[in-house]
Undergrad: 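Structure below; questions to follow.
We name chains A, B, ... by the order of the sequence lines, and we start the count at 1 in each one.
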Amino acid sequence: MISRRQLLKTGLAGSALLLAAGFLARPDPDALRASDTQGLDTRFLNASDTNLLAAIAPVMLGLSLDANQLKALLFGVDAAITGLPLMLQAEVRQLLDLLGNRWGRRYLAGVKAPWSSASVAELHAFLDGWRQSRFTLLRSGYQALHGLINAAWYANPASFAALSYGVPAQGRILQ
Amino acid sequence: MTSPLKDPIREGLTRGWQVYDGAALTQDLQLDCDVAIVGSGAGGGISAEVLAQAGLKVLLIEEGALKSSTDFRLLESEAYPQLYQESANRQTLDKGITILQGRTVGGSTTVNWTSSFRPPVETLAWWREKHGLSELGEAEMLPWIAKAEARVHIGEWLAPPNPNNSVLEKGCSALGYSHGRIRRNVHDCWNLGYCGMGCPTNAKQSMLVTTIPSALDKGAGLLARVRVERLLLSADHKHVDAVEGLALKADTLTPSGVKVRIKARHVVLCGGAIGTPALLLRSGAPDPHEVLGKRTFLHPVVLSGAIMPEQIEPWSGAPQTVYSNHFLHTWPIDGQLGYKLEVPPVHPVLLATTLTGFGPDHARLMQDMPHLNVMLALTRDGFHPDSQGGTVKLKKDGSPALDYPITDPVWQAFRQAWRSMAELQFAAGAKSVLTVHENAKPASSWAEARTQIDTLPLEILRARVVSAHVMGGAAMGADAQSGVVNHWGEHWQLDNLSVIDGSLFPTSIGANPQLSVYTFALRNASRLASRLS
Ligand SMILES: Cc1cc2nc3c(=O)[nH]c(=O)nc-3n(C[C@H](O)[C@H](O)[C@H](O)COP(=O)(O)OP(=O)(O)OC[C@H]3O[C@@H](n4cnc5c(N)ncnc54)[C@H](O)[C@@H]3O)c2cc1C
Ligand code: SF4
């Protein structure tokens, strides 16, 4: 098996990392845990994606989300992705397949436990590791997750109260 | 609730405007006209009105949907996917810069922030001296500027700046930096601050409520949700024979399979910088001197956030009303890159995705939003010899990509701009300042901020860099060697093709560009109208 170091080197050499991701993504998906997020009627996200996003999102946002908030968030991410041009959707698919795969999770994200049972500390270390990585590819993977999760959460009016954000009174009649 | 206000678009549709929605087309369409205009933004809107007024049969073809005030419900969740290119998530090839551009009828003018600046005299002088565009003298341009200002109702904004903008004004006063108030293209503005989501009151005098209704009233036709794929060229590559478009489904992304073919005496490209050069590239337009798509500029923007003791509510009130040109005039125009300071509107999605960091730190900053001031610096690219901008390329599905490497002088300007913004924010009384960079932490004094900024790594995907001003890529040149078009926007090789949009500019403008686009559009479309009629 290729080591993480080798993988990163090939990645640097071009888009070989993404090719490898496609290869890695085929076998061996993480076992899914039966949870509230399964059986969601999403257009883009599959069960493996919702499983991993449900684990990452609260850590990314720094918020604890109840089951309904989590569902709303996953629908939001799904909607955000389906609004992207098809070429960008394909890139998001590669990223999610890479992370959803056991090897990708273990060797690229550095998360040992399956997503649904990974500790907050482990998830935090993964996000911070990618955010501050010296490889632009990993930094861009982090930024994609950051963008999607934040856009999905803060587009939802349910998030506004915590920010004291609201449309000014005279604007409300226009909504 | 539906809006109690009039909606000029819905009224026009009931009056019987000739409007096609690509998503509703079930069979291929063939149309004939005098002038086909691709793109309905600043350049396309003005051109449509001028040419329709001259009695020409005009067809306006727009990739985005036709949305209007009734649809604008002050929600980011609806605005970004519906009204922006790539859901407001367009990025440069290496993902280093996020680009905001409109994709709707009215183009970027439907979602822009209404700041109105004349094309700077020093920029026009540079174009005359260094780009050989000697025709663009001040006496030539001034009447067109005045006409453009009148057309979109540009005037002084008399209401006091909102607290977010006041921070810039206070900081500049304290430090003795020159500053001023920004003029706006509005009429009976409610001072709400939602210009970026489409103006719900029709106060903003965008193309959507001015020139486009006027052109449609004069018999022009509009095709929305039709993406122009390519121009069909004559065998000798000297002439555009037809314009070929793909009807899009209701998602405004996926082609439905229905094709649109338009025959026109003349074709005007107004797809905006990135969109226009990409269409020329897809069409295999002649480019003997390899200038097409090159020198595309962004006014790359870096940002600084500050927690203020007072209530700011940066989402409320007219978005950009104060500016400082102090750092545009500090160095020679082709020396160290200068920058213009402004204050953007701040709404939850825009803020959350732009802010760096994650987890509880990020959540706390979000919750501090009512006290948050955000400042931005627009760097003036395209004048320094090592600031050549970016190159428009095509992805494998033919969609555009901008390859914009951030070169050393641009990075140096970013560092300098972060310093200026932190200094200004502290001078205005900030409790803490956060440079928007993944390696920065909130600093509680100007000295602390400066030390931090001096060591921030200058790398993409660490520094947050954004842009809402795309310019160039099909530039005017004094001859075919140096440009894609001449100073009238006429293509050097194709005899019935003009470019009339922001892609004309041979450098960045050095000010928010909408009024410059309107000005050139009025001038060049008027010339075209007299040529054709
Ligand atoms: C959020 C935001 C805020 C801004 N704020 C300000 C401001 O305050 N002041 C200021 O001066 N400027 C501002 N700008 C910039 C300004 O609006 C633009 O510079 C100006 O509108 C550019 O005009 P244009 O004609 O080149 O392109 P656009 O106005 O962008 O119009 C291009 C249109 O062409 C369409 N198109 C592209 N390709 C195709 C195709 N192949 N087929 C069919 N249609 C196509 C696009 O969908 C788009 O609608 C802002 C821009 C944005 C996005
Ligand atoms: S601030 Fe004025 S122009 Fe902007 S959206 Fe509100 S009413 Fe319209």
Undergrad: D128(A) versus chain B, heavy atoms under 4.5 Å apart: side chain, backbone, both or neither?
TA: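 For D128(A), backbone and side chain are both near chain B.
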
Undergrad: Would you say S87(B)'s side chain and G83(A)'s backbone share a donor-acceptor pair under 3.5 angstrom?
TA: yes

Undergrad: Go through the atoms of S64(A) and report whether side chain, backbone, both or neither lie under 4.5 Å from a heavy atom of chain B.
TA: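 Neither part, no heavy atoms under 4.5 Å.
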
Undergrad: Roughly how far apart are W153(A) CH2 and M366(B) CE, rounded to 0.5 Å?
TA: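 These two atoms lie 11.5 Å from each other.
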
Undergrad: Please give me the minimum heavy-atom distance between K95(B) and S140(A), naming the atom from each residue.
TA: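 Scanning both residues, the minimum pair turns out to be CD-CB, 4.0 Å.
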
Undergrad: Treating W315(B) as the side-chain partner and Y165(A) as the backbone partner, does any N or O pair qualify as donor plus acceptor under 3.5 Å?
TA: no

Undergrad: Please give me the minimum heavy-atom distance between G357(B) and R131(A), naming the atom from each residue.
TA: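 Taking G357(B) first and R131(A) second, the nearest heavy atoms are CA-NH1, 3.5 Å.
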
Undergrad: Taking all atoms of both residues into account, what is the closest heavy-atom pair of G166(A) and Y194(B), and its distance?
TA: O-OH, 3.8 Å

Undergrad: To the nearest 0.5 Å, what is the distance between OG1 on T136(A) and CZ on R462(B)?
TA: 10.0 Å

Undergrad: Please confirm whether the backbone N or O of I460(B) pairs with a side-chain atom of R139(A), one donor and one acceptor, at under 3.5 Å?
TA: yes

Undergrad: Checking R73(B) side chain against L174(A) main chain: does a donor-acceptor pair fall under 3.5 Å?
TA: no

Undergrad: Of all of K396(B), R364(B), H347(B), which one pairs up most often with chain A through heavy atoms under 4.5 Å apart?
TA: H347(B)

Undergrad: So how far is it from Y154(A) OH to T353(B) OG1, rounded to the nearest 0.5 Å?
TA: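 One gets 11.0 Å once the value is rounded to the nearest 0.5 Å.
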
Undergrad: Pick one of side chain, backbone, both or neither for L351(B), based on which atoms fall under 4.5 Å of a heavy atom in chain A.
TA: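 L351(B) has no heavy atom closer than 4.5 Å to chain A.
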
Undergrad: Is chain A contacted by the side chain of L74(B), its backbone, both, or neither, given a heavy-atom distance below 4.5 Å?
TA: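 The answer is both parts of L74(B).
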
Undergrad: Indicate, with yes or no, if the rings of F358(B) and H124(A) have centres closer together than 6.0 Å.
TA: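 Between F358(B) and H124(A), the centre distance is under 6.0 Å.
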
Undergrad: Would you say the side-chain atoms of E86(B) pair up with the backbone N or O of L84(A), donor to acceptor, closer than 3.5 Å?
TA: no

Undergrad: With a 4.5 angstrom heavy-atom cut-off, which part of L163(A) approaches chain B: side chain, backbone, both or neither?
TA: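 Both parts, backbone and side chain.
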
Undergrad: Distance from H362(B) atom NE2 to H146(A) atom NE2, nearest 0.5 Å?
TA: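 One gets 4.0 Å once the value is rounded to the nearest 0.5 Å.
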
Undergrad: Tell me, out of D361(B), N439(B), D368(B), D251(B), who's got the most heavy-atom pairs with chain A below 4.5 Å.
TA: N439(B)

Undergrad: By a 4.5 Å heavy-atom criterion (distance strictly below it), what part of R103(B) contacts chain A: side chain, backbone, both, or neither?
TA: neither

Undergrad: Please report the interatomic distance CG(D397(B)) to CE(M87(A)), rounded to the nearest 0.5 Å.
TA: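 The CE atom of M87(A) is 4.5 Å from CG of D397(B), to the nearest 0.5 Å.
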
Undergrad: Of all heavy-atom pairs between Q367(B) and A162(A), which one has the smallest distance, and what is that distance?
TA: CG-O, 3.4 Å

Undergrad: Please indicate whether K395(B) has more than 12 foreign heavy atoms, meaning atoms of other residues, nucleotides or ligands, lying under 6.0 Å from its NZ.
TA: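 Counting other residues, nucleotides and ligands, NZ of K395(B) exceeds 12 neighbours.
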
Undergrad: Going by an N to O cut-off under 4.0 Å, is there a salt bridge joining E459(B) and R134(A)?
TA: no

Undergrad: Side chains of Q143(A) and E438(B) only: does a donor on one sit below 3.5 Å from an acceptor on the other?
TA: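 Judged by distance alone, the side chains do pair up.
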
Undergrad: Nearest 0.5 angstrom please: Q311(B) CD to S164(A) OG, how far?
TA: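 One gets 7.5 Å once the value is rounded to the nearest 0.5 Å.
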
Undergrad: Could you pull out the closest heavy-atom pair between G62(A) and A363(B), with the gap in Å?
TA: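 Nearest pair, atom of G62(A) first, then A363(B): O-CB, 3.9 Å.
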
Undergrad: Which bit of N89(B) is near chain A, if near means a heavy-atom gap under 4.5 Å: side chain, backbone, both or neither?
TA: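 Both parts, heavy atoms under 4.5 Å.
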
Undergrad: Under a 4.5 Å heavy-atom cut-off, does chain B meet the side chain of T82(A), its backbone, both or neither?
TA: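 When you check distances to chain B, only backbone atoms of T82(A) fall under 4.5 Å.
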
